[in-house]
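Here the structure is laid out as structure tokens; the discussion comes afterwards.
Per chain, numbering begins at 1; letters A, B, ... match sequence-line order. In what follows, every heavy atom counts, from backbone to side chain, and hydrogens, waters and symmetry copies are set aside.
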Amino acid sequence: MSEERALNFLEEIIEKDLSDNTHDGTVHTRFPPEPNGYLHIGHAKSICVNFGLAQKYKGKCNLRFDDTNPSTEETEFVDSIKADIRWLGFEWDNELYASDYFEQLFQYAQQLIQKGLAYVDDSTAEEMAALKGTPTTVGSDSPFRNRSIEENALLFSEMRAGKYPDGAKVLRAKIDMKHDNMLMRDPVIYRIKHAHHHRTGNHWCIYPMYDFAHGQSDSIERITHSICTMEFIPHRELYDWFIEKLEIFPSHQYEFARGNVNYMVTSKRRLLQLVKENYVEGWDDPRMPTISGLRRRGYTAASLRNFWDNVGVAKRDNNIDINLLEFCIREELNKTALRRMAVINPVKLIITNLPDGESISLQAENNHEVENAGERTISFSNTLWIERDDFMENPPNKYFRLGPGLKVRLKHAYIIECTDFKKDEQGTITEIYARYFPESKSGSDTSGIKVKGVIHWLDCHSAKKAEVRLYDKLFTVEDPTSEEGDFKDFINKDSLSIVRDAWVEPALLEATDEDKFQFLRLGYFCKDKNSTDTHIIFNRTVGLKDSWAKEVKKA
RNA sequence: UGCCUGAUGGUGUAAUGGUAGCACAGCAGUUUUUGGUACUGUUAGUCUUGGUUCGAAUCCAGGUCGGGUAACCA
């Protein structure tokens, strides 16, 4: 059973470094979000990788906010990011901010200037773009490229002092305008932004660019393995260049493929659109791929961790089947969720051989998968709710539920036999009649009657009203962003269906926000945060596998 | 068009020159007081063309296809 799991390529790198004693046998990673949005399932992968690696190799993992752009970043996001990471089950060793290093970074820039490796450029963004060249044509030098060290030093300090307006000047690294790697063509490393920063306030009016902040921050924190996604590969050359020229701790960047899940979009821009244009009801809408959305939907932290563990870490593009995610949550909830009964599309069932007013108490297991999950008492009477789907006037051959003359077991209760039913003018079934077999009581059945079907039910006298929200995929196609046209054209109109008049067991009124339930035969559910004392709402996390539905579909 | 990357069943991921395996999905069956769960069986894969080698998914060369890359974003 102790099957050895193969190492992924990052683990191989780390184990080699460990055995070579590259960093005195230490591992130090970091998770570096920009606080300008909510975390989503893709970030969860990065979190699992970075914190997970630190955990596995008894190292450390920092949480570092990459807050070098004051115009987009907010404290609100800092808080939500921290909450999401903790909820996922990880704790950082240090909570840090790139903005903590602004003074140090400024000095690094001065050092570059002194070494003749950086210069102040007065060109406009357009002029700079024009001189940058294209991937196939080399760039050419800016007219400001050969300013003296003294002039550059003075200008840069004046930039800091606030002498110039936004956009008037930038500081650039002096590398090579003919470099194959566009990022090495004298990248901008500081820009002027007279903007309020969420942490440093108005102390600064110049801010470092990502490339001039990230690697150095890693270095300052002595990050041994700076792990990011594949699109940063071209940045590595610059990352290494700064570290080499500044002669600072040699952190190394390693890249893995970010995880894409089909039927989901995770770009910040698109997620923002969904929220802003009210396609969903907020960042934590249960249909959103955000951590907060998944949490509200009923996904557990463990299921998300298992999901990414299952997927693995590699470098090739991927498109993970959402079925795997659903498998992971079902697998967990099957073992942990309390079983309850609910009827979401009710029709009345009358037991004809039980007198009015008689109530029978029955015991029902909370979860037969678990040894000590206990039991609860439920009531049974002559007026019940059952699921409309569980009755057919003209059932096909392999239909194991109720129909005229058919027998079925009511879960935890008795076997019944359908004797009659009533329809209204529209042909809708209004009532179903059945007799029950008293000697077929669940757990002490002496009737000798064998039935193939078991259905769930609720006693009309004790059932409570509840709202139930059923979710489906947010999109109708696997990858809405690769389709012709706008991704919003592929939004699933039926991604949410609200059932306002569902019935649930009275025990469910005591549900807490953390409780997970399996509504028998319907799926896994959790209480929504918008529930009130008088109006309880349940979200369906995921349905049960339904081989009957498949059968029906085939026919 | 340059540079950087990558390519193993439908999907994800192993095999690190020596039997192509695991998980999800699919299909078939057994069990079952959830048409759930569990269990069993099963379909299906090395991008291509050469080369090296006793032996290649793995090494080499060419090609094909995918992704990234030209923000004072990260």
* To do: Could you tell me whether A/S442 contacts a base, only the sugar-phosphate backbone, or nothing, with contacts defined as non-hydrogen atoms closer than 4.0 Å?
  => base
* Asked: How is A/N319 classified with respect to the nucleic acid when contacts are heavy atoms under 4.0 Å: base, sugar-phosphate, or nothing?
  -> sugar-phosphate
* Among B/G36, B/U13, B/G68, the one nearest A/R316 by side-chain distance -> B/U13
* Check every strand shown and say whether A/V313 touches a base, only sugar-phosphate, or nothing at a heavy-atom separation below 4.0 Å. => sugar-phosphate
* Rounded distance (Å) that lies between atom C1' of B/A74 and atom CE of A/M230 -> 18 Å
* For A/W548 and B/G35, say yes or no: do the ring centres fall under 5.5 Å of each other while the ring planes differ by less than 30°? => yes
* Donor-acceptor pair present, A/Q518 side chain and B/U34 base, under 3.5 Å -> yes
* Asked: Base, sugar-phosphate alone, or nothing: which one does A/H368 contact when heavy atoms must sit under 4.0 Å apart?
  -> base
* Asked: Less than 3.5 Å between a donor and an acceptor, one on the side chain of A/R330 and one on the base of B/U37, is that the case here?
  -> no
* Face-to-face contact A/F400 to B/G35 six-ring, under 5.5 Å, under 30° -> yes
* Value in whole Å for how far the P atom of B/G26 lies from CG of A/L324 -> 12 Å
* To do: Using a cut-off of 6.0 Å, state whether more than 12 heavy atoms not belonging to A/R258 lie near its atom CZ.
  => no
* Look at all strands and tell whether A/K335 reaches a base, only sugar-phosphate, or nothing, counting heavy atoms closer than 4.0 Å. => nothing
* To do: Starting at atom CZ of A/R521, determine the distance to atom P of B/U32, rounded to an integer number of angstrom.
  => 18 Å
* Take the protein atom CG of A/L183 and the nucleotide atom C1' of B/C73, then report the distance between them rounded to whole Å. => 12 Å
* To do: Could you check whether A/E369 gets within reach of a base, just the sugar-phosphate, or nothing at all, counting any heavy atom under 4.0 Å?
  => base
* To do: Anything under 30° is parallel, anything over 60° is perpendicular, the rest tilted; go ahead and classify A/F538 against A/F519.
  => perpendicular
* Would you classify A/Y210 as touching base, sugar-phosphate or nothing, given that sugar-phosphate means primed atoms plus P, OP1 and OP2, and contacts are heavy atoms under 4.0 Å? => base
